[in-house]
Amino acid sequence: MIQEGTPVREILRRWAEHIGRRVMINGWVRTRRDSKAGISFVEVNDGSCLKNLQVIVDHGRDRFQEILQSLTTGASVSITGVVRRSPAKGQPVEVEAESISIVGSCDPASYPLQKKRHSFEFLREIAHLRPRTNTIGAVMRVRNSVSYAVHRFFQERGFYYIHTPIITTSDCEGAGEVFRVTAQQDPEFFGRPTYLTVSGQLQAEVYALALGKVYTFGPTFRAENSQTRRHLSEFWMIEPEMAFADLENDLALAQDFLHHVVSSVMSECDEELQFFSKFFDEKLLERLQTVAERPFEVVTYTEAISLLKKSGENFTYPAEWGCDLQAEHERYLTERVFNGPVAVIHFPRDIKPFYMKVNDDGRTVAAMDVLVAGVGEIIGGSEREYRYELLLEQMKLKGMNPEAYEWYLDLRKYGSVPHAGFGLGLERLIQFLTGVPNIRETIPFPRVPGYAFA
Ligand code: 4AD
């Protein structure tokens, strides 16, 4: 069995108690600098944190002279040595190597990652190596922390985790932006048209109407031809669904949820957030603090349109009642009008999907979109139409075939209750938390029109 190393993160966090101790570290060489005095300084990163651990290699020792030529950027190593107080600035400790094993060598001439900073475009072309960079490594640790915080939040509040299907027969959002699924050898495999899911909502509703409070958290797929910095063809969505709940309950849940996740990440990923604020957005921590503490501003869609009209801004898409909110509108509302997250509620019925509850005015639905600065819409949710006749009417209005959704209509026939939920795009949330400019850097392997790697 291979011996587990001590994470560099542990050594650097609790450095005082490690002084004088013998440790083993398993990682990859970032850089090596040789001094004339017969000593090399090797920076090793093991992926547990942003910082490298400096290893001192005394050429006079053991077989170190021979090993030296293989101790190149990218090589994987297992090093045993003693932790010492470091005289160098910017690091409390270093390791004096006693034994070094080159686990996998790395040809420096062909290794694509160099010490200089690479562009994100270049790194996407080497998506198998980019996790070894500081930014992608840090983003993925944040992604891990968020995912864990999501489960903690819902589990502590009595929600059941439901695994909704990836292959479905429905198009939840009704936008026709679906990927068809067929078997290579048999196009009629399921006997009916099937798609990759665009949202687990409809199936989550089924379970909410039996278990009370549920959530689903999994990959979703959209065949949208959107080449923007906030769209992916495959993204992960967090979708809670609650029975005996209305739009107000939904808003309160979304707010508690954002508070919880943002505060968790702020306490668990301090080093990463400091790094992001240095490189991407100097106001990042301030913005996160506001979200962690402040309640959402809530405005109706009608009020939002009137604010946009009165703004005097020259929008590319002029704001008119009935239009969908564009990125420029969201930006204006989150950055100029409200200094923090804003929930826009009660959208026109015509621009929202069939499942949303029709309000008494007959023109709007009990929907909510939560917008944040820098990213725009991060959450989309609603109270669901729980009245059979009205749901049927909505389906017909949207040109759907009610027979295909008989099971969904049944929920309104057999013990229907008001219920509500929302969907939050994990990658947009990570974009918001890290300030990375493009959503493609928030997912291990991005899929967008014209591009899929590995
Ligand atoms: O507003 P959307 O389309 O809502 C739904 O899918 C509902 N069925 C959710 C529900 O009520 N259970 O998407 C919800 C969120 C958006 O606010 C956004 O964060 C994210 O999913 N999202 C995307 N993220 C990345 N790339 C895309 N193409 C996205 N489309 C939506």
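If you're wondering where the values come from, they're calculated on a predicted model, not measured in any experiment. Remember, it's 1-based here, ligands and their atoms both numbered in the order they're listed.
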Undergrad: For the 3.5 Å polar cut-off, considering only N or O atoms, please tell me whether Ile378 and ligand 1 meet it.
TA: yes
Undergrad: Taking the ring of Tyr355 and the ring of Tyr405, is the distance between their centroids below 6.0 Å?
TA: no
Undergrad: Out of all atoms in ligand 1, which are within 4.0 Å of some heavy atom of Cys172? Include the element for each.
TA: 8 (N)
Undergrad: Any idea which atoms of ligand 1 are less than 4.0 Å away from a heavy-atom of Glu239?
TA: 8 (N), 9 (C), 10 (C), 12 (N)
Undergrad: Considering only heavy atoms, does Pro353 approach ligand 1 within less than 4.0 Å through its side chain, its backbone, both, or neither?
TA: neither
Undergrad: Flag the pair Val206 / Leu202 as yes when at least one side-chain heavy-atom distance between them is below 4.5 Å, and no otherwise.
TA: no
Undergrad: Between Glu320 and Lys309, is there a salt bridge with N-O shorter than 4.0 Å?
TA: yes
Undergrad: Against heavy atoms of Glu377, which atoms of ligand 1 measure under 4.0 Å?
TA: 1 (O), 16 (C), 17 (O), 19 (O)
Undergrad: Ring centroids only, cut at 6.0 angstrom: are Phe154 and Phe257 within range, meaning strictly under it?
TA: yes
Undergrad: Do me a favour and list the nearest non-hydrogen protein atom to atom 4 (O) of ligand 1 with residue, atom name and distance?
TA: Glu173 OE1, 3.8 Å
Undergrad: Could you tell me which atoms of ligand 1, counted from 1 in the order shown, lie closer than 4.0 angstrom to a heavy atom of Arg230?
TA: 25 (C), 26 (N)
Undergrad: Where do Tyr215 and Gln155 land on the side-chain hydrogen bond (donor to acceptor under 3.5 Å, both in side chains) test, with the steps shown first?
TA: CA-CA 9 Å; Tyr215 69 107; Gln155 293 295 328; 2.8 Å; yes
Undergrad: Under 3.5 Å, is there a donor-acceptor pair linking the side chains of Arg152 and Ser264?
TA: yes
Undergrad: Taking distance alone, with N or O pairs closer than 3.5 Å, would you say Leu424 contacts ligand 1?
TA: no
Undergrad: Going by distance only, is there an N or O of Leu232 that falls short of 3.5 Å from an N or O of ligand 1?
TA: yes
Undergrad: Which word best sums up how the rings of Phe179 and Phe221 line up, parallel for under 30°, tilted for 30 to 60°, or perpendicular for over 60°?
TA: perpendicular
Undergrad: Below a 4.0 angstrom heavy-atom separation, can you tell me which part of Tyr355, side chain or backbone, both or neither, approaches ligand 1?
TA: side chain
Undergrad: Which bit of Phe235 is near ligand 1, meaning a heavy atom under 4.0 Å away: side chain, backbone, both or neither?
TA: side chain
Undergrad: Please identify which atoms of ligand 1 are closer than 4.0 Å to at least one heavy atom of Ser199.
TA: 6 (O), 8 (N)
Undergrad: Do Gln91 and Lys51 touch side chain to side chain, with heavy atoms closer than 4.5 Å?
TA: no
Undergrad: One residue to check: Arg384. Relative to ligand 1, which of side chain, backbone, both or neither has a non-hydrogen atom less than 4.0 Å away?
TA: side chain
Undergrad: Suppose we measure from atom 18 (C) of ligand 1 to each protein heavy atom; which comes out shortest, and what is that distance?
TA: Arg428 NH1, 3.6 Å
Undergrad: Checking contacts here: is it the side chain or the backbone of Glu224 that comes within 4.0 Å of ligand 1, counting heavy atoms only? Could be both or neither.
TA: side chain
Undergrad: Quick test of your reading of the model: are Arg412 and Glu385 salt-bridged, counting only N-O distances below 4.0 Å?
TA: no
Undergrad: Which atoms of ligand 1 have any heavy atom of Gly380 under 4.0 Å away?
TA: 1 (O), 9 (C), 10 (C), 11 (O), 17 (O)
Undergrad: Does Glu241 reach ligand 1 with a nitrogen or oxygen that is under 3.5 Å from one of the ligand's nitrogen or oxygen atoms?
TA: no
Undergrad: Do the rings of His260 and Phe153 sit parallel, tilted or perpendicular, given the 30° and 60° boundaries?
TA: tilted
Undergrad: Salt-bridge test for Arg230 and Glu330: reply yes if a basic N is under 4.0 Å from a carboxylate O, no otherwise.
TA: yes
Undergrad: Give me the residue, atom name and distance of the protein heavy atom closest to atom 15 (C) of ligand 1.
TA: Gly423 O, 3.6 Å
Undergrad: Please work out whether any backbone atom (N, CA, C, O) or any side-chain heavy atom from C-beta onward of Asp369 is under 4.0 Å from ligand 1, and answer side chain, backbone, both or neither.
TA: neither
Undergrad: Is there a donor in the side chain of Tyr207 and an acceptor in the side chain of Glu241, or the other way round, less than 3.5 Å apart?
TA: no
Undergrad: Should one rank Lys352, Arg222, Glu205 by closest heavy-atom distance to atom 6 (O) of ligand 1, which comes out on top?
TA: Arg222
